[in-house]
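As structure tokens, the structure follows; a few thoughts come after it.
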Amino acid sequence: MVRKLETTPRADGFRMPAEFEPHTGTWMLWPERPDNWRLGAKPAQHAFAAVAAAISEGEPVTVGVSPRQFANARAMLAPQVRVVEISNDDSWMRDCGPTFVVNGKGEVRAVDWIFNAWGGLDGGLYFPWDQDDLVAAKVAEIERVDRYRAPIVLEGGSIHVDGEGTLMVTEECLLNKNRNPDLTREQIEEVLANYLNIEKIIWLGRGVYEDETNGHVDNICCFIRPGVVALTWTDDKSDPQYEISKDAFDRLSATTDAKGRKLEIHRVHQPDPILITAEESGGVDVVEGTLPREEGMRLAASYINFYIANGVIVMPSFNDPHDEPAQKQLAALFPDRKVIAVPAREILLGGGNIHCITQQQPAPQKAG
Ligand code: KQY
């Protein structure tokens, strides 16, 4: 039996492990909605399939697919990728999927946050989102893991943990009035402490410039290992991203993590500004209530939106001069993993990137 639990992970001795800890596998969803993905999502589907194939070099991958797209996804995805039917409103498993938690006794559970499509009726990205909000529960059922339904609106892309008690978030997202308008910062912190079992929260200010998620942390900064972070950066002081990244750098420099360590900060230079072309804009269906994709809009491109899997790092590339230096930098930061760059412009055009479309299922852990 899969239980819906009324306690909290902290009370039960569970914690969210870091992404760089061992995984059982990765979950993804399959893109199809034509008001977010151009040309009926076909170019995005090829990009998602390339991401799934790259991750599957290191661990099992499961892709949830609507009934309409099951046969097509099965045909397009590599044979080693498992395909299961999961209805959804769009394909952002990081955000609507479960946050898995583990204890030291070999048990894994799921945290199922309330999902409101990045802001509900106050700036959210589409309506309705009821199928997305069921995804975490469905994954928990498939995996036969017990589930906590957390009492706040939150997306997985808005949190990063180091696995040793530290959580990193942005004020722009977590304190946005379109997520939990009735809760104070302190009340949100208490829920996070109880559901992730963390001791210390590092609050950054804003996320990447023009990020439609209201500044998810996973696009601007992430943990490489405990005590070490990577931050998106630009040397161009006239770029609006400069001030945002500088503020994050200053906050990170001034703080310590849950274990009292000063952070080692690695700056990863962003790609040159990426704008939506007329052709790309013209390929997206116009639907009222969905964020428009207009020619000339700047996309929130960042190399930080990479995914850490067993043995591999899957990073976005943009056909940009900064691609190669970023790949070399990640290879140096993760000497024991193979860094695979996947062309990701088609994912970026949908509003996120590789980290946003993936969700790790950690391996069970036994202490001692
Ligand atoms: O970046 C993400 N985590 C999700 C972006 C959602 C975009 C919806 N159009």
Side-chain angles (χ1 to χ4, degrees), residues 19 26-38 40-41 43-45 47-48 51 64 88-99 113 115-129 131-133 135-136 153-160 168-170 172-174 176 178-179 206-222 232 270 274 276 280-281 283-294 297-307 314-316 318 344-360:
E19 194 170 313
T26 298
W27 288 85
M28 297 175 64
L29 290 166
W30 186 247
E32 67 172 288
R33 58 183 300 154
D35 58 347
N36 194 53
W37 304 105
R38 74 190 187 103
Q45 290 173 354
F48 275 54
V51 169
N88 59 81
D89 298 298
D90 201 359
S91 44
W92 306 97
M93 185 58 102
R94 174 66 49 187
D95 291 343
C96 64
T99 297
W113 310 97
F115 182 79
N116 78 349
W118 309 273
L121 300 180
D122 178 11
L125 301 179
Y126 48 72
F127 175 88
W129 53 82
Q131 292 305 310
D132 282 344
D133 197 28
V135 168
V153 171
L154 184 133
E155 305 93 41
S158 70
I159 53 172
H160 259 314
M168 189 162 49
V169 298
T170 67
E172 179 186 352
C173 184
L174 268 74
N176 200 301
N178 65 12
R179 298 309 206 281
R206 284 177 286 160
V208 168
Y209 179 64
E210 298 288 28
D211 190 325
E212 65 196 57
T213 64
N214 304 118
H216 273 186
V217 74
D218 72 346
N219 210 20
I220 185 166
C221 193
C222 66
T232 198
Q270 67 180 12
I274 298 178
I276 301 178
E280 287 166 343
S281 169
V284 182
D285 286 8
V286 174
V287 169
E288 203 165 323
T290 303
L291 191 74
R293 303 275 174 215
E294 283 159 12
M297 280 177 153
R298 178 162 165 182
L299 297 160
S302 156
Y303 296 106
I304 298 300
N305 211 302
F306 62 84
Y307 180 61
V314 185
M315 65 168 282
F318 304 103
R345 186 178 178 106
E346 296 295 339
I347 307 174
L348 181 64
L349 282 165
N353 222 307
I354 290 171
H355 195 258
C356 311
I357 64 170
T358 52
Q359 181 64 252
Q360 69 275 7

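Read the numbers this way: they start at 1 and go in the same order the structure lists the ligands and their atoms.
- In terms of N/O distances under 3.5 Å, ligand 1 is approached by Asp95.
- Contact annotation for Arg94 and ligand 1: no heavy atom of the residue comes within less than 4.0 Å of the ligand.
- Using a 4.0 Å cut-off between heavy atoms, His355 makes no contact with ligand 1 at all.
- Each of the following atoms of ligand 1 lies closer than 4.0 Å to a heavy atom of Gly352: 1 (O).
- Looking at Asn305, Thr213, Thr170 one by one, the single match for side-chain hydrogen bond (donor to acceptor under 3.5 Å, both in side chains) with Asn219 turns out to be Asn305.
- Side-chain contact check for Asp95 and Trp113: no donor-acceptor pair (N or O, by modelled atom type) lies under 3.5 Å.
- Of all the atoms in ligand 1, the ones that sit under 4.0 Å from a non-hydrogen atom of Cys356 are 1 (O), 2 (C), 3 (N).
- Here the closest heavy-atom approach between residue Cys173 and residue Glu155 is recorded as SG-OE1, 3.9 Å.
- In this structure, Arg33 does not count as a contact residue of ligand 1, since none of its heavy atoms falls inside 4.0 Å of the ligand.
- Remark: Arg33 qualifies as a cation-pi partner of Tyr126 under the 6.0 Å distance and 45° angle criteria applied to the six-membered ring.
- Between Pro316 and Ala344, the shortest heavy-atom distance links the atoms CB-CB, 3.5 Å.
- Ligand 1 has a nitrogen or oxygen under 3.5 angstrom from a nitrogen or oxygen of Glu212.
- Those atoms of ligand 1 that come under 4.0 Å of a heavy atom in Gly350, given as number and element, are 7 (C), 8 (C), 9 (N).
- Between Asn36 and ligand 1 there is a heavy-atom distance shorter than 4.0 Å.
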